[in-house]
Amino acid sequence: MRIKGRHLIAVVSLLAMSCGGGAGGGTRTILVDWSHDEFASYFIANFPTKVAVTPGTRLVFRQTWTGEPHTVTGGTLADEMGEVVVPLLEEWGDTPDEDVPPEVFEQFEAATADLVWAFGEEDDLNQTAAQPCYLDSGRPPADGQPCETREQPEAFTGRQAYYNSGIIPYEGPSGNTFEVQLSDDIEPGTYTFYCAVHGPFQRTQVEVRPEGSDVPSADEVARQAREQIRESAEPLLETFREATTRNRVALREATAEGPFAGLHNDNVTDADINEFVPRRMRVEANEPITWKMMGADHSISFNVPEYFPIVEFLEDGTVRLNPRLQPPAGGAPEYSPDEGEEETAPPTEDEEPAEAAAPPPEAGPGEPPKFDAGIWDGGQEFWSSGLISGDPWLEYTLRISRPGTYEYACLLHPPMVGTIEVTA
Amino acid sequence: MAVAVAARHSDERTGIRVRDVAFFAFLGFYAVGGLLVLGQGVGAVAASVSGAFHETLHVQGLGTGVWARVAQRMADASHQVAGPGQIALDFGFSFVNLALAVFLLWLRPRDRTARLLAVGLVGAAGVFNLTAQSTLEQLPMTPWESLAQASAHIIAGLGYVYALLLFPDGKPVPRWRGWAVGLLYLPATAAAVVLAMRVEGTARPATLLLFFGLLTPAVGVAAQAYRFTRSPSPAEHQQARLLFWALLPALIIGAASVFLFGAGPTSSTFAGRHLPEQPVIVFRIFQPVFALIPIALFAGILRYRLWDIDRVINRTIVYGAVTATLGGAYLGIVVLLQRVFSPVTQNSDLAVAVSTLAVAAAFRPLLRRVQGFVDRRFYRRRYDAVKTIEAFTARLREDIDLNSLTAELRTVVMATMQPAEMSMWLREPDGSIAWAWTHRKPGVEPSRNASVTTTR
């Protein structure tokens, strides 16, 4: 068959259409959370925070699994909230709370009053937000029950009232994605997508421009995301290097010395480092190890089971917090910052009673709380401090009585692992 | 009268067979896959050096599709690139393996053992490059990627195992019936497949230890020990001994490593958490150990003049010397003529043209002279043998006395080939074949195999 001119034109056109460079349509990737190149971290943020596209674009919200759950929530209700909240956050987001005018807080609270948060006040999960929910009109249920419509529509038209992914399920360490296909007839305008777990602090505003408009290419959007990550992460990188080279971290209130379970920088409000620093330690038997636990909630856990995420999805669609995450295990004493004394979990039939931990001394104002977890005998059973934290950090002390090499991990954050070599 | 001596090699057939095409197509495809893996390692190294390239890879990695995954792998792995010494070890090892694979196929493109070895060497070049392998561990593998990796490992593993079983003559040992040998080889084959499929993630250290530290050298040691003790051929006896002693350290070190490390010194996952850590110790132990095998093979080929290596070396020396001489002469003539012609013309084209003609004219005469020099200097025996046979051939045209001819033939053959024993049979006028004589070196037992066939 002879190749004719029109065949070539058709082929070239198809190729041009499939490239999706600066032309309309195509795919744009928006990062949900991020783990830095040089250290494990979480970011309560989307990158980039603003992206311009044309109708028909497929938005790929790509979540890096850092341990934090997220949703992608949009719709007209989100847009109304975003019109008020986003300018406030852009102006005051980096300002310390004590320096923010009260009226700003009032406006923020008013605009977010009807927001459906995935986590309730008791840390239970609101099924409306935790499960997928798609409403063409009206408001989501106020009773925390799941919506009737949980199947994602083919396209996001911009006219749906509530467009919620639910908590994006954990699909393994490579992360997961949630895709939003913009309809071809979506009206030009700005559409806000936020996280129902962390609120509008974690958002991306999608500006839809008319068909044929000039919009950034996928590479340009990626570069923009990388640039925002770099800006956000720079203070954390300094903190990480300080901790790994000089074994100390300077916070506003005090300077902490390692070892560390997590790291924090006071100038960064939406991210922390999820690392044990140093990753390997050598101590003598019964020598106290005092971790400075800072940043997010962490656990010190030995003989950990296969990794499980913070939320689990039951067969009936219910989403719940994983009950294995929070409490201490294996006889570890429970730390409770609201009470003067610790509680010790009663030993089971098979395990020996844990050593009684000394009651924590009174922490003075500005002093970090301290907790002595006593002695762990280095047994084969699962042992966990439970998820704990303190402000500015919690000093968590443990002694290991049996020589050996022990790997330990934080149950919540997957790459957060360490090794302790205990010598006689 | 023509003298024919049985040819030593059987692959003098010309013509391309379908299975040759199939093999080289397969090897090409396999090698491309290996080079892609090595290329990722190079990319990671480049990204560790160049901030701009590193950032570009991260940007590309935020896309979708195969290239995005490759880019992200290289970008993430760039943070774990080791120092120059370890990079040199990794890529030096890969280069040695790839170069030897190419060399073996160039020597013996149709030899079964050479082909199997080449496959094993190409596979090992990728498997034992820690820098390249670390890129693969940055992201959990998709099912397709796992399948591709497992397939690559199986092919490399089986290639190596069977090459060591068949080296050097391409025939399996022991010399049993086909089904019996197949049954004997089945456990090793099955073990190779199972282990090769498990070389990833948590199982990587243990399976590398078991496969390359135990299975491969054990099979090779057993096969070469058998040949060493039972082969009637002195040459094969020596070759087997060489490879046996090259494989034995690998087996000892492998067994010791399994004993010491058990499941492996590090894992790339911990309780289901993906951690891009590599079993560095395993790689550093087995890279030099497994470099011994191709080095021993190469030494064996050189030492025992396998696979016409003499001819290859001879050609390499001759053509290398001719190329260097003519290249230097070409440059020198160009420079000289440019100076000579510069008062007359600014254009250097004349100098270049004259130099080119001079080099072209000098090529054949120089080649003959260099070939003769190399033959006389390094291949004296062969040189003398050729001369002897040329002289004998000339006398054949003049001397028609059968007795003197056969006596002279005996002298020529003894001088050029130094056989342990030679016999002559002559065809009688009635068509029958009659034994004429046998000449044997002192101390050599009689054999029925040595013969010189004459036709008239």
Side-chain angles (χ1 to χ4, degrees), chain A residues 20 26-31 34-40 47-48 58 60 62 64-67 170-175 177 179 217-227 229-230 274 279 301-309 382 405 407-419, chain B residues 44 47-48 50-81 134-146 200-202 260-277 280:
Chain A
T27 300
R28 299 294 182 270
T29 299
I30 298 167
L31 303 177
W34 185 250
S35 189
H36 194 268
D37 306 350
E38 297 187 36
F39 51 82
F47 303 102
R58 182 166 63 105
V60 177
R62 190 162 115 180
T64 303
W65 188 265
T66 65
Y170 173 69
E171 290 176 4
S174 59
T177 58
E179 297 186 10
S217 66
D219 273 2
E220 285 167 346
V221 170
R223 272 192 215 98
Q224 188 186 355
R226 290 284 302 171
E227 187 56 38
I229 289 169
R230 197 183 4 262
N274 298 330
R279 205 174 246 212
S301 308
F302 297 88
N303 302 314
V304 297
E306 196 78 0
Y307 178 77
F308 50 84
F382 172 50
T405 301
E407 289 182 312
Y408 66 107
C410 170
L411 291 181
L412 181 57
H413 302 112
M416 195 166 171
V417 299
T419 305
Chain B
S48 72
S50 165
F53 184 58
H54 169 259
E55 192 57 27
T56 299
L57 286 177
H58 268 300
V59 166
Q60 295 288 315
L62 295 183
T64 55
V66 174
W67 168 245
R69 284 180 66 81
V70 171
Q72 185 174 344
R73 284 195 157 114
M74 290 192 287
D76 290 345
S78 68
H79 298 284
Q80 300 176 338
V81 168
S134 71
T135 64
L136 301 181
E137 291 292 331
Q138 295 306 313
L139 294 176
M141 293 202 175
T142 64
W144 282 113
E145 289 170 346
S146 292
E200 67 169 354
T202 311
L260 285 174
F261 297 126
T266 58
S267 301
S268 64
T269 66
F270 169 60
R273 303 140 185 267
H274 180 72
L275 304 173
E277 289 185 3
V280 178

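Every chain is numbered from 1 and lettered A, B, ... according to where its sequence line falls, protein lines coming before strand lines.
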Need one label for [X]: side chain, backbone, both or neither, based on atoms under 4.5 Å from any heavy atom in chain B.
X: A:L411; value: both
X: A:R62; value: side chain
X: A:H413; value: backbone

What's the separation between atom [atom1] in [X] and atom [atom2] in [Y], rounded to the nearest 0.5 Å?
X: A:R58; Y: B:T64; atom1: CZ; atom2: OG1; value: 6.0 Å
X: A:D37; Y: B:Q72; atom1: CG; atom2: CD; value: 9.0 Å
X: A:E38; Y: B:Q80; atom1: CD; atom2: CD; value: 11.5 Å

Close contacts, residues 51-58 of chain B versus chain A, judged by heavy atoms under 4.5 Å: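 Answer by number: B:H54, B:E55, B:H58.
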Shortest non-hydrogen contact between A:T29 and B:L62, atoms and distance: OG1-O, 3.1 Å
